[in-house]
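Notes to accompany the following structure.
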Amino acid sequence: MRTSQLLIPTLREDPGEAEVVSHRLMLRAGLIRKVAAGVYTYLPLGLRVIRKIERIIREEMDRSGGQELLMPIASPAELWRETGRWDFYGKELFRVKDRHERDFCLGPTHEEVITDLIRRDVRSYRQLPLNCYQIQTKFRDELRPRFGLMRGREFIMKDAYSFDRDEEGAKLSYQKMYDAYQRIFTRCGLTFRAVEADTGLIGGSSSHEFMVLAEVGEETIVYDEEGTYAANVERAEALPPAETSTETPRPLRKVPTPGARTVEEVTVCLKTTPLRLVKTLLYKTPSEALAVLVRGDHEVNETKVKKLLGLADLTLADAETVAALTGAPIGFAGPIGLRTTRIIADHAVKGLRNVVVGGNQADTHYVDANLDRDFSVSQFADLRTARAGDPSPRGGGPLRTARGIEVGHVFMLGTKYSKAMGATFLDPQGRERLAVMGCYGIGVGRTAAAAIEQHHDAKGIIWPAPIAPFHLHLLSLSQSAEVSKAARALYESLIQSGVEVLWDDRDERAGVKFNDADLIGAPYQVLIGDKGLAQGTVELKERKTGEVKRLPPGELPQHARTLLPQEIRAT
RNA sequence: CGGGGCGUGGCUCAGCUUGGUAGAGCGACUGGUUUGGGACCAGUAGGUCGCAGGUUCAAAUCCUGCCGCCCCGACCA
């Protein structure tokens, strides 16, 4: 295509609203424009990238037995009430009313809609297994949309749903998708890692996230060097400490700790270490107040607490609640004499002796408190957040942490949705069985953003060839008749040989074209200028390395094809 | 939800403290000179200063409310 006829509004200056690299470059290179917070228009160049990614996804999904369908964006509240997610999903669900005041939502994901379809039209084990997918616009009213396509309120997502006769079959379906995802992100040119993940609002028994490793990633992952364990920190297991204290319990004492509210302040005040402290965090759940105990140097993992208790909602208690439970302001809560029965604790608390805890009285703590003698705990569990340096739960070396962008997520759903919605089929014996489900998502726009995060330099984007908007950017460097003629001929012959070429045929100075080409980031540039033509050559320049080859224009189409990835050459 | 910041031509921003005829650079358009890394000269067009109300002889500027956008935080007791 020709630049003079395409809408590619590149920006010379950095837009004020963009913070991270991918967002900035997408705006500057003319890929996207914002319509509202977290809502974007895809311009021609941006859409080409989206389509490239979608195409790779379709090929790999189809190859793995998926079949494409398309579900509506709007769905009625009734379906969501059946699974309880009309309430459970909370404020993130984009809700709308029709003219009759009936509730609808704009789908953030489509388990309800697909399960409704399957329960109506799939009756027999003969129709299973089934894997249906779609690439559709999704809506999530994010608490904080940010970073352009990285976290939008409206975004394009591939979502797939598998239905199997039994657990065994479901595992197979899951594995197929897991493998397909490996191929998809590899083909997109990404450096990524599959990690164990929390299942969040989707639910189900287990899941893996596909994380693109990048500094700006919103997720933290932990992993061991041996590669035996990698997980989202929300989920990462923390092993109980190997050692338990053998100290002799000393008598409990109440001591003044004026103004010492934080672990830091208390340790300074009492000249001790966080390892000898037990923090008491008070939470409110929809039904009760709850105390969670962790060692002073540890952090409560709220995801784990929610999961343990089956809660959708968990918030730290406000000052009022804290006062009611402890009789003290925030900062002095402790398990001794606390006005709640529900006290749960992290494993690490169990082996401690003679610890410091809050006194449930202003400016007061207890020292030499001991479990069972001075306070009791109704349940021990893994409730803390894993951190760098912890032993790997799979026995490998110490855990490390990294940042990741979640581009894909695969879930083993089990029968959560089929049960709630009655998606059953008849097995060979004529017995009614619940379909066993899985679901699998990929953020298409986020994948594009992640690719830019991993592939750019100071001048602009450096697209991996398979998802580049064009393979080659042809720059005619002057308006002379010779250059125009040669460029046109080359443009035609490149198209003939199947190369996707963007020809900058504008009446612009060479510098402007160079800068735009570097910004837009096609993997290769072809420069045609009067100097080169006088010697019978054009220049082929690799965007990534800046390496230049001079060759006669006639040889270029042939040569260009050899540079393109196998899968593109084949098309 | 809390805190902070911003909203002035297509873009980046100045002007606001101390009210008095709305500015710059880039971009666009016209003509000319240029032409291998964001040219130069001359000229032209383009803004209800986010919206509403208030104070004032007079408001981009002061006050109030609302809307939009960006960033940080959302409690580790």
Side-chain angles (χ1 to χ4, degrees), chain A residues 9-20 23-24 27-28 30 33-39 91 143-148 153 257 259-266 274 277-284 291-302 305 314-323 325-326 328-335 338 346 356-365 383-385 387 458-460 475-480 483 504 506-519 525-534 538-539 541 546 548 550:
Chain A
T10 55
L11 303 175
R12 288 186 181 218
E13 289 163 277
D14 274 335
E17 67 184 54
E19 192 73 7
V20 306
H23 188 194
R24 226 170 53 219
L27 288 167
R28 280 198 59 199
R33 284 292 182 268
K34 184 175 70 182
V35 176
V39 179
K91 288 187 175 169
L143 185 62
R144 214 178 125 192
R146 56 179 155 181
F147 304 159
R153 293 192 294 172
T257 50
R261 297 159 192 275
T262 65
V263 167
E264 168 79 30
E265 289 161 359
V266 173
L277 248 73
V278 169
K279 284 196 289 199
T280 305
L281 284 310
L282 300 172
Y283 285 94
K284 279 204 300 198
V292 181
L293 309 185
V294 295
R295 204 170 72 191
D297 61 319
H298 288 159
E299 304 238 313
V300 172
N301 183 324
E302 294 182 4
V305 176
L314 183 73
T315 46
L316 271 172
D318 51 49
E320 225 171 291
T321 313
V322 170
L325 292 167
T326 67
I330 288 176
F332 303 97
L338 196 62
D346 179 66
V356 176
V357 298
N360 293 325
Q361 186 182 327
D363 300 330
T364 308
H365 280 78
L383 297 177
R384 73 174 178 95
T385 301
R387 63 185 177 191
K459 291 175 177 173
L475 312 184
S476 36
L477 298 180
S478 89
Q479 297 303 117
S480 75
V483 166
D504 193 342
R506 295 174 301 171
D507 183 8
E508 285 287 355
R509 298 170 65 84
V512 172
K513 295 190 179 189
F514 285 135
N515 282 309
D516 270 353
D518 288 345
L519 184 59
Q525 296 169 7
V526 171
L527 318 179
I528 305 186
D530 291 301
K531 288 181 194 168
L533 279 186
V538 296
E539 289 158 61
K541 182 174 168 186
V548 174
R550 284 167 228 282

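Naming convention: chains lettered A, B, ... in sequence-line order (proteins, then strands); numbering from 1 in each chain.
Judged as a side chain to side chain donor-acceptor pair (under 3.5 Å), and not counting sequence neighbours, the contacts of A:D518 are A:Q525. Qualifying side chain to side chain donor-acceptor pair (under 3.5 Å) partners for A:T326, counting only residues two or more places apart in sequence or in other chains: none. Take A:R28 and apply the salt bridge (Lys or Arg N to Asp or Glu O under 4.0 Å) test, not counting sequence neighbours, and it matches A:D14. Annotation: ring-ring contact (aromatic ring centres under 6.0 Å, His included) contacts of A:Y283 (sequence neighbours excluded): none.
The closest donor-acceptor contact from the side chain of A:K513 to the backbone of A:L527 lies at 3.5 Å or more, if one exists at all. Listed for the A:K279 side chain is a donor-acceptor partner under 3.5 Å among the backbone atoms of A:H298.
Using atom C1' as the reference point in both B:G46 and B:G9, the two lie 6 Å apart (nearest Å). Comparing the P positions of B:C40 and B:U48 gives an interatomic distance of 30 Å, to the nearest angstrom. With both ends at atom C1', the span from B:C29 to B:A45 equals 7 Å, rounded to whole Å. One C1' atom belongs to B:G27, the other to B:A39, and the distance between them is 15 Å to the nearest Å. Taking atom C1' on both B:G7 and B:C66, the two are 14 Å apart, rounded to the nearest angstrom. Taking atom C1' in both B:C6 and B:G50, the straight-line distance is 11 Å, to the nearest Å. Comparing the P positions of B:C76 and B:C71 gives an interatomic distance of 24 Å, to the nearest angstrom. Taking atom P in both B:C51 and B:G43, one finds a spacing of 33 Å when rounded to whole Å.
Among the nucleotides B:C76, B:A74, B:C71, the one closest to the side chain of A:L143 is B:A74. Considering only the side chain of A:R146, B:C71 comes nearest among B:C69, B:C71, B:C76.
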Is there any protein nitrogen or oxygen under 3.5 Å from a nitrogen or oxygen in nucleotides 22-25 of chain B, and what are the pairs?
residue: B:G25; atom: N2; partner: A:E13; partner atom: OE1; Å: 3.4

Requested in this report: Spell out protein contact along nucleotides 27-40 of chain B as letters: B when the base is contacted, S when just the sugar-phosphate is, - when no protein heavy atom is under 4.0 Å; keep the 5' to 3' order.
Outcome: S------BSBBBB-
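Residue contacts for A:V322: at a heavy-atom cut-off of 4.0 Å it reaches a base atom on one of the strands shown. Residue-level contact check: A:A317 touches the bases, meaning some heavy atom is under 4.0 Å from a base atom. Nucleic acid contact class of A:L475 (heavy atoms, under 4.0 Å, all strands): none.
The number of heavy atoms from other shown groups lying within 6.0 Å of CD (A:E264) does not exceed 12. Counting heavy-atom neighbours within 6.0 Å of A:R550 CZ, excluding the residue itself, gives a total of 12 or less.
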